[in-house]
Amino acid sequence: MTKYHVEAHRVTKRFGPTTALDDAGIAIADGETHALVGRNGAGKSTLVSILTGLQRPDEGEVRFSGLAAPALADRDAWRRQVACVYQRSTIIPALTVAENLFLNRQAGRGPIRWGPLRKRAADLLERYGVAVDARALAGDLTVEQRQLVEIARALSMGARFIILDEPTAQLDGPAIQRLFERMRALRAEGVTMMYISHHLEEVYEICQSVTVFRDARHVVTAPVAELPHDALVAAMTGEAGGVYRSRRGAGPGGGTARVVLAARELSLAGKYRDISLSVHSGEIVGFAGSGSSGKIGLAETLVGLHRPDTGTVTVNDTPVRDVPSALGAGLGFVPQDRHREGFVPLLSIAENATMTIAHKLGRHGIVAPSRQRARAVRLIGDLDIKTEGPHQPVADLSGGNAQKVVMARALADDPSALVVINPTAGVDVKAKQALLGAVEEAAERGAGAVLVSDELDDLRICDRVLVMFHGRIVKEVPRGWSDHQLVAAMEGVDA
Amino acid sequence: MTSVALRPGVKLARFRDLTLVPVIVLLLVVGAFANPIFLTAGNLTNVLQQQSALALVVLAEALILISGKFDLSLESIVGMAPAVAVMLVVPAASNGFGTELPAALAIPLVLLVGAAVGAFNGFLIVRFQLSAFIVTLAMLIVVHGLHLGWSEGKSLFKVPESILFLGSTTFVGLPVSVWFVIILFALAIVVLRYFRLGRALYAIGGNIDAARAAGIRVDRVLWGVFILGGTLAALAGLLETGRLGGISANQGVGMIFMVFAAAVIGGVSMDGGKGTIFGALTGVLVIGLVENILSLVGVAPEWRQLIYGMIILVSLIISRVVGGKAQD
Amino acid sequence: MTSVALRPGVKLARFRDLTLVPVIVLLLVVGAFANPIFLTAGNLTNVLQQQSALALVVLAEALILISGKFDLSLESIVGMAPAVAVMLVVPAASNGFGTELPAALAIPLVLLVGAAVGAFNGFLIVRFQLSAFIVTLAMLIVVHGLHLGWSEGKSLFKVPESILFLGSTTFVGLPVSVWFVIILFALAIVVLRYFRLGRALYAIGGNIDAARAAGIRVDRVLWGVFILGGTLAALAGLLETGRLGGISANQGVGMIFMVFAAAVIGGVSMDGGKGTIFGALTGVLVIGLVENILSLVGVAPEWRQLIYGMIILVSLIISRVVGGKAQD
Amino acid sequence: GTTNTPAATGGGGGKVGIDHPRADSDFWNSYIKYVPQMAGELKVETLNPTNSQNDVAKLVNNVQTLVGQGARAIVMAPQDTGAIASTLQQLESKQIPVVSVDTRPDTGKVYMVVRADNRAYGTKACEFLGEKLGGKGKVVQLMGALQSVNGRDRAEAFRECMKSKFPGIEVFEEPTEWDGGKAASMLQTRLEAHPDIKGIYMHAGGVHLAPTLQVLKAKSLLVAPEDPKHVFVVSNDGIPQEFDAIRKGEIDATVSQPADLYAKYALFYAKAAMEGKTFQPGPTDHGSTIIQLPNGLEDQLPAPLVTKENVDDKNLWGNTVG
Ligand SMILES: Nc1ncnc2c1ncn2[C@@H]1O[C@H](COP(=O)(O)OP(=O)(O)OP(=O)(O)O)[C@@H](O)[C@H]1O
Ligand SMILES: Nc1ncnc2c1ncn2[C@@H]1O[C@H](COP(=O)(O)OP(=O)(O)OP(=O)(O)O)[C@@H](O)[C@H]1O
Ligand SMILES: [Mg+2]
Ligand SMILES: [Mg+2]
């Protein structure tokens, strides 16, 4: 009989009317890397919070190496059992990177010696290939840098069991590969891991077995070899499915169609230089680039979040001065960090999804609740958002479903120009299809889209991909590129 | 996939505004037993009239809190705005500045002064990005300092008729000031519930970056809220002046504590983005009823403060138990 | 990949605590010109002594604010804790309770009462999950109510010698109360900078969920901070009683505004997790120097408030310009 | 003389509504304690007294409540004399007589004002200090709050008297806002700058006495009156602790503001009003004078200056309470 390092038995957890886990369980053998997959809202993160002692299950129990889990109040005991990269950031912005790495273990009983601590932090960052200064304030880091710090912290805790809840959702290719190297090394040392991701190819790359949750229930556990891709998707969704394939052929040629989004000689110190760009109606333009290539900064300028030092942006020939003017000119966009700029957590899905089109939901500044609800119900259906209904606060949604709400907002106005940044971060396979399909549909209706993504798969729907490196566009590749070709350009070694 | 029962969630969310209703009912029952006068129309009308100035300042503060900001200086506006306006109008012999502007200007001037203070607060906070708490704390002192300095600490007891009229006239059985409160609260409830502008306050208070990214003109709206807040506080001062028939150099002083107490026990969050105007109104009612009952019962003066504080604490606990959610 | 500019970030973060230093220098220069007495050791010692009670309450509030909470009731503890302790000790003829506990117990009793109030606040906020703002606002009234009720509003003129001693003795040239402030601030600065417990306050204030996930015993630490806060406020009351030689029913009343002003202009954020004890201390110094200069210059009483508020506002603006960051 | 006209409409039935201005000062607490005692002696029926916590808006609310409970006369002590106007008007229209204690409302009808002359306090203190200092030197005036009319009256009278009668004396004014901590700081700072200050006038013994003594003690200035270092201190209120300090030679005088007489005559006139009696200006049978105001009458009760000579006088209210 296999020796299980971690077991969760018949766990049930309810949040008000929602049942997040329904008599579900997991058993992870000693030393294996075990994948947990399931659609957005399947209950994965809820299980994580139960396995790390942050929440008490309504029913069921957790065991470590056959022994009952520590009492909920005994945080130290839990921390000895398990380290975790949570889906929601647990970085404290006002503290330095070094302190975040060694939070609550800066020293023993005695005083903290900051010099050595910084040194240890720098070593740790170096070991994990994270190029940030240990003395910087965590709040000044980019989203992916924070994620890397978070990963480095969890892996360095010395726990024999590590949970990673969607660690790669905000990472680009090379960073993911570095993470996997570390995970392999840890596994070689006998560390047990639970790995959650919506990138199924990663499951095959790094995990030995996989558990699937669907609608809060356990569906299947099997070695990854016994569950090929299509079977895994079928288990997750309850229906047959496959990899997302672009529905469209080549987009319209550059010359004929109307230009919906244009940038002229944009520069912004420290971010990008001399960018010119025309996006035509019906066209999807991708942006690729490694971390800090400036692609995010550029995209945020296109939607009016930054003011460029030089140059102009126009949407449908209307100059963009700020966000309202961009939206007014017919732009929709998905920001990079959904928690920071994507939604207002306490407000309902209906309200968040219609926030940019409130002026269209009634006259004289009135927002008619019935029309708002109707619009939201449609968007919830279109994007397949798992929720109690349009009135539910976005704060109560699972990560992927919250991302869909942000997408819903971008699409709410049938925009003629669309700028989406990492739109599929943290969404499940089916949802990814829905989101990318939504971008394609918008393009088919005649919108021009800019898609900025760290995921090569997303970029496949693009008619052309612009590769950025150190703040400049270094290459333009038409549809039909190979992964290798694009990655080489992104790394700056032009093939 | 969706279409799960909508009702319960909706109810719970609305319920949050009503957590003080059992407290109010309890107070009405206690009051009725304590003194037969309590439940008479006359007494209850008095309660409403006595709380009308507080109610308007609570309205102003609730709007500002929902937008995620803070304004302590409102209490000083309650005294200073009418005082300055009156001093501009009355002759120097009645402690005026000597400008003797036409008396008809008195009321517009009051509101203008309030709006100006609000605009200045808004400028420092929105444009200059200073902390709202500390700016308005300093402004609380500055505005009251202007009042003290100009009036030399003296009360103004020659007040234009137009202002006195507001404090003393009744209309369809209720004092005019109560009508003001009813109309302005109704307006605010409707605007915050059904209008873009109102919803924008919740969005800004809930997540200012997201609001900005959604195209809401955050700075403009916030500035407007501060100006509106100042104006409402000035109006409160006007009603209070009318009710009292004069302006003491202390008018409004110390009021801000009760304003926050009413707003926060009424469910408006100090963290922004949460709470309703109706909830704030129930907070005002609780405070008004408690004060009235304490007056009627005649608790020994030295114990009154204690009992007052205890009732607020107990209200808080009842509303926590009824509401079921952790507060913030 | 990236390599975020190191130096500026680090320096800026430390700098944040020092933004008031130019203001202090400016005040020293202005004071020196205004009155030759100002820069004498005697006068500056007086300033320190006069601000020592405020400083301790600011220390308490800064600890609580850094942990992301709030305590308004501290001002009432400043009056009530020593009053209750004294009443337990002195005979009924001097307004005591008649218990006449040994006088040696007076000082421990003061601290105990403060700790008890802090513990009760902590219980309601941490365990019962009530809003810290509104709980402590209610407790501000309740605690002062207890003071008023038990003392019947009378001042206590007969105070045990041990307490008076604290307020009147000097040691190596400085009043004992100033030594208290120096030692406690130094201790707090060291603990908050170099000890896990101190860093836990920042973690809790910065992101309570993250702190919990990192294994910090959040509830226990928070509760401890409230108890410590109450104790420090009681100590402040003790020093103030020693300085004034008696306890009026008003002791501490209205102080909390200045406490927040000092902490917040000193860079402690109302949102938690940000600011330092040293910064808070500079805030206290600014307030103390302003008050001293205003006394020495002899501004007309009716204009003093205004000038006081303006100086705070200007300090704020200077510190914003020097610090370069938006405040919160 | 006082003319008692017989009650116009039979008997003086009805209850008196009383509002206390505050419960956190020694003087007013003594007053509050005297009220039920005097009510018993004078056989006046009272409603439950209310307390307006030094806030005129609360006072107005309380008066409304008292009237709602059927008060036939009101005793109040409006610490703010301007913003009570419309309340007085309403009470007049309801024919409810008002006795105002301690302060004189600026406008609005009052049946009787019962107070000692606060301007006289300031003048008495000035004259005492001026003589003791021989017309030269420096004195500090620890003022109350600017917003308080009594504080203002005392301050102005003291200031004007010094200016006219003792031009050689320099006066420093400290706005303490009735706050002991502020008073101590301001006095300490002033003494640091001017160690040759020789006189102090405190507006309220209840809040200023202990801090002043403590500051003087720290400066080693708490010495016998014969000592050339002695600082002459005049207080105001007449509470027992001031008498103790006078006996010990720590302070030199205080103005005894008669808390007992305030309570007694407030109720006396309230009862008289309900009985329909009227009064004329002129001396009274209790050693005071009634004067005519534009809006009513004022009985100016005696407020003796208490010094070492008369500090043991049994008639002083400060000697009759614990
Ligand atoms: N605190 C909460 N309050 C209310 N509902 C919650 C809460 N936390 C989770 N839920 C609900 O529980 C369900 C499971 O959420 P969970 O976060 O575990 O999903 P997940 O599998 O991690 O999804 P994702 O892949 O999107 O991260 C969702 O329907 C979610 O809305
Ligand atoms: N305000 C700023 N001041 C100085 N440097 C900055 C500032 N903002 C960003 N940078 C730096 O500029 C570079 C580009 O940042 P940017 O955020 O645009 O990259 P990015 O587009 O997010 O990269 P990626 O495509 O991987 O997401 C980074 O090195 C970043 O650290
Ligand atoms: Mg999740
Ligand atoms: Mg980026």
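Residue numbering restarts at 1 for every chain, and letters A, B, ... go by the order of the sequence lines.
Chain A is approached within less than 4.5 Å, heavy atom to heavy atom, by B:G215, B:I216, B:R217 from residues 215-233 of chain B, ordered by number.
The two residues B:A213 and A:E341 have their closest heavy-atom pair at CB-O, 3.7 Å. B:N207 and A:H339 make their closest contact through ND2-O, 3.2 Å (heavy atoms, listed as atom of the first residue, atom of the second, distance).
The environment of B:F133 atom CZ is dense: over 12 non-hydrogen atoms of other residues, nucleotides or ligands sit within 6.0 angstrom.
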Dump the intermediate steps for side chain to side chain contact (heavy atoms under 4.5 Å, CB included) on A:L347 and B:Y202, then the final yes or no.
CA-CA 8 Å; A:L347 293 182; B:Y202 284 94; 3.9 Å; yes

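There is no contact between A:R338 and chain B, counting heavy-atom distances below 4.5 Å. Using a 4.5 Å cut-off between heavy atoms, A:D322 touches chain B through its side chain atoms alone. For A:Q372, no part lies near chain B; criterion is any non-hydrogen pair under 4.5 Å.
Among the candidates B:G273, B:A214, B:G206, the residue making the largest number of heavy-atom pairs closer than 4.5 Å to chain A is B:A214. Interface remark: of the candidates A:V406, A:V344, A:V323, A:V344 forms the most heavy-atom pairs closer than 4.5 Å to chain B. For the set A:E300, A:M355, A:R340, the count of heavy-atom pairs under 4.5 angstrom toward chain B peaks at A:R340.
Note: B:Y194 OH to A:I366 CD1 = 10.5 Å, rounded to the nearest 0.5 Å.
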